[in-house]
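These notes concern the structure reproduced below.
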Amino acid sequence: MPPITPVVRVLLILNVLIFFVGQSAEVFVFQNFALHDIRSEYFQAHQVLTHMFLHGSFMHLFSNMLSLFFFGPMLEHYWGGKRFAIFYLVTGIGASILYSVVRYVEISQIQEMVVAFMQNPDPVDLRKILDSLVGNNYNVDFILQLKRNPDNVAMIAEAKETVQQLFQRTLNSPMLGASGAVFGILMAFGMLFPNTELMLLFFPIPIKAKYFVFLYGAYELYAGVQRAPGDNVAHFAHLGGMLFAFILLKLWQRNRTTFY
């Protein structure tokens, strides 16, 4: 691994500084600079870029910056600082675009169920909505009581209010982190240095970069499609970073005189 390079150093410093400075005004920072659904009251266009420099926890920051530290310098050394910076921003923004499209479709499907429930508050539909919004983290007894008392005005009003609050909370839940760009870096590393052997931290066995990237990408695809209730990991942002990395490298490879 080459010594830490200038752009990687700047990215590391920026992410760490923003994380610790933002701790004093976390709600304000997340509302204004994390990426929200376009239908959210908190959405602003600049969030497509700024979300890349925010992290929800120290471990979130640490894991992303560790990957950037290990894999980024070799790519920057290979391409130069300008091209590496372009690559980092394009894959990060590309990741947010794919995530936003998938998220828009998911939220729209839930919104249709919510609208239908408001018109006809059926206990079965209530359970489907709660499964989609909070997984198994809700009171099943309330649904059973509503099923036994379908004409109870107070219970129906409470159910509607709960559904509206949970839907708004989901709609306003932001995405943040450098993971999209980091997964783009992993994809580029696997494509440019496919036979480089990596030693995994938790399973100390060597694995070639091309197999590591393939397996990681396959897992993210599976986890994104078969998303478990309560899973708040932006799997399609990770896949978006990998997809845009693949596209960008193929475009650059068309002109071999400027690729290296």
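Treat the numbers as computed from the prediction; the structure is a model and nothing was measured. Values below: all heavy atoms of this structure, side chains included; hydrogens, waters and symmetry mates excluded.
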Run the numbers on Phe69 and Val8 for side-chain contact (heavy atoms from CB on, under 4.5 Å), then give the verdict. CA-CA 7 Å; Phe69 175 79; Val8 170; 5.5 Å; no
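- Cluster membership for Leu68 and Val10, using ILVMFWY side-chain heavy atoms within less than 4.5 angstrom, is shared.
- The main-chain N or O of Glu158 is found under 3.5 Å from a side-chain atom of Thr162 such that the two form a donor-acceptor pair.
- Considering every non-hydrogen atom in both Met155 and Leu146, the closest pair reads CE-N, 3.3 Å.
- Note that CD of Gln111 and CG of Leu171 are 7.5 Å apart. Values are rounded to the nearest 0.5 Å.
- By the side chain to side chain donor-acceptor pair (under 3.5 Å) test, Ser67 is found to be paired with no residue, residues two or more places apart in sequence or in another chain being considered.
- Taken from CE in Met175 to CG in Leu54, the straight-line distance is 10.5 Å, to the nearest 0.5 Å.
- In this structure, the side chains of Met52 and Leu176 stay at 4.5 Å or more apart for every pair of heavy atoms.
- For Ser179, the side chain to side chain donor-acceptor pair (under 3.5 Å) criterion is met by Asn64, not counting sequence neighbours.
- Taking Gln109 as the reference, Val105 meet the side chain to side chain contact (heavy atoms under 4.5 Å, CB included) condition, with sequence neighbours excluded.
- Atoms CG and CG, from Leu144 and Asn149 in turn, are 11.0 Å apart once rounded to the nearest 0.5 Å.
- Residues passing the ring pair (Phe, Tyr, Trp, His ring centres under 6.0 Å) test with Phe87 are Trp79, sequence neighbours excluded.
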Check step by step if side-chain contact (heavy atoms from CB on, under 4.5 Å) holds for Arg103 and Leu98. CA-CA 8 Å; Arg103 182 71 170 168; Leu98 180 61; over 6 Å; no
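- Rounded to the nearest 0.5 Å, atoms CE (Met187) and CG (Leu239) are 10.0 Å apart.
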I'd like to know whether Ile185 forms a side-chain contact (heavy atoms from CB on, under 4.5 Å) with Thr91, so could you lay out the CA-CA distance, the side-chain angles of the two residues, the decisive distance to 0.1 Å, and finally the verdict. CA-CA 8 Å; Ile185 288 173; Thr91 52; 5.8 Å; no
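- Nearest heavy-atom pair, Gly184 versus Ala245, reported as atom, atom and distance to 0.1 Å: O-CB, 3.4 Å.
- For Ile38, the CD1 atom is loosely surrounded, since the number of other residues' heavy atoms within 6.0 Å does not exceed 12.
- Scored by the side chain to side chain contact (heavy atoms under 4.5 Å, CB included) test, Val48 finds Leu35, Ile93, Ser96 as partners (sequence neighbours excluded).
- For the side chain to side chain contact (heavy atoms under 4.5 Å, CB included) test, residues two or more places apart in sequence or in another chain that qualify with Phe53 are Leu11, Leu14, Asn15, Ile18, Leu49.
- Following chains of ILVMFWY side-chain contacts shorter than 4.5 Å, one cannot reach Val182 starting from Leu192, and the two form parts of different hydrophobic clusters.
- For Lys128, the NZ atom sits in a loose shell: 12 or fewer heavy atoms of surrounding residues, nucleotides or ligands are nearer than 6.0 Å.
- The neighbour count for Phe246 CZ, taken as heavy atoms of other residues, nucleotides or ligands under 6.0 Å away, does not exceed 12.
- Atom CD1 of Ile129 sits about 11.5 Å away from atom CD of Glu112, to the nearest 0.5 Å.
- Partners of Arg39 according to the salt bridge (Lys or Arg N to Asp or Glu O under 4.0 Å) rule, which considers only residues two or more places apart in sequence or in another chain, are Asp37.
- Nearest approach of Phe244 to Gly94, heavy atoms of both residues: CE1-O, 3.4 Å.
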Mind listing the side-chain donor-acceptor pairs of residues 115-127 below 3.5 Å, one per line with the distance, residues two or more places apart or on another chain?
from: Asp122; atom 1: OD2; to: Val124; atom 2: N; distance (Å): 2.8
from: Asp122; atom 1: OD2; to: Asp125; atom 2: N; distance (Å): 3.4
from: Arg127; atom 1: NE; to: Tyr138; atom 2: OH; distance (Å): 3.2

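- Put simply, the side chain of Glu76 reaches to within 4.5 Å of the side chain of Pro6, judged on heavy atoms.
- Applying the side chain to side chain donor-acceptor pair (under 3.5 Å) rule to Glu161 yields the partners Gln165; only residues at least two apart in sequence or on another chain are considered.
- Pairing each heavy atom of Leu75 with each of Ala188, the nearest pair is CD1-CB, 3.9 Å.
- Judged as a ring pair (Phe, Tyr, Trp, His ring centres under 6.0 Å), and not counting sequence neighbours, Phe58 has no contacts.
- Cluster membership check: Met59 shares its hydrophobic cluster with Phe183, using side-chain heavy-atom separations under 4.5 Å among Ile, Leu, Val, Met, Phe, Trp and Tyr.
- No donor-acceptor distance shorter than 3.5 angstrom exists from the side chain of Ser40 to the backbone of Asn172, with no hydrogens or angles considered.
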Set out, in order, the CA-CA distance, both residues' side-chain angles and the distance that settles ring-ring contact (aromatic ring centres under 6.0 Å, His included) for Phe84 and His77, then state yes or no. CA-CA 9 Å; Phe84 177 78; His77 178 76; over 10 Å; no
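- Side-chain contact between Tyr78 and Met74 is absent, with no heavy atoms from C-beta onward closer than 4.5 Å.
- Shown here for Phe43 and His36, the closest heavy-atom pair between the two residues is CD1-O, 3.2 Å.
- Residues Met191 and Lys250 form a side-chain contact, since some pair of their non-hydrogen atoms from C-beta on lies under 4.5 Å apart.
- The ring pair (Phe, Tyr, Trp, His ring centres under 6.0 Å) test applied to His55 returns His60, not counting sequence neighbours.
- At a threshold of 4.5 Å between side-chain heavy atoms, the hydrophobic network of Ile, Leu, Val, Met, Phe, Trp and Tyr places Phe30 and Phe28 in one connected group.
- Hydrophobic clustering keeps Phe167 apart from Tyr42 (ILVMFWY residues linked when any side-chain heavy atoms are closer than 4.5 Å, directly or through intermediates).
- Gln44 meets the side chain to side chain donor-acceptor pair (under 3.5 Å) test with Asn32; sequence neighbours excluded.
- For the residue pair Met65 and Ala178, the shortest heavy atom distance occurs at CE-CB, 4.2 Å.
- Side chain of Gln47 to main chain of Pro174: no donor-acceptor pair is present (N/O by atom type, distance under 3.5 Å, no hydrogens or angles).
- Leu12 places a side-chain heavy atom less than 4.5 Å from the side chain of Ile4.
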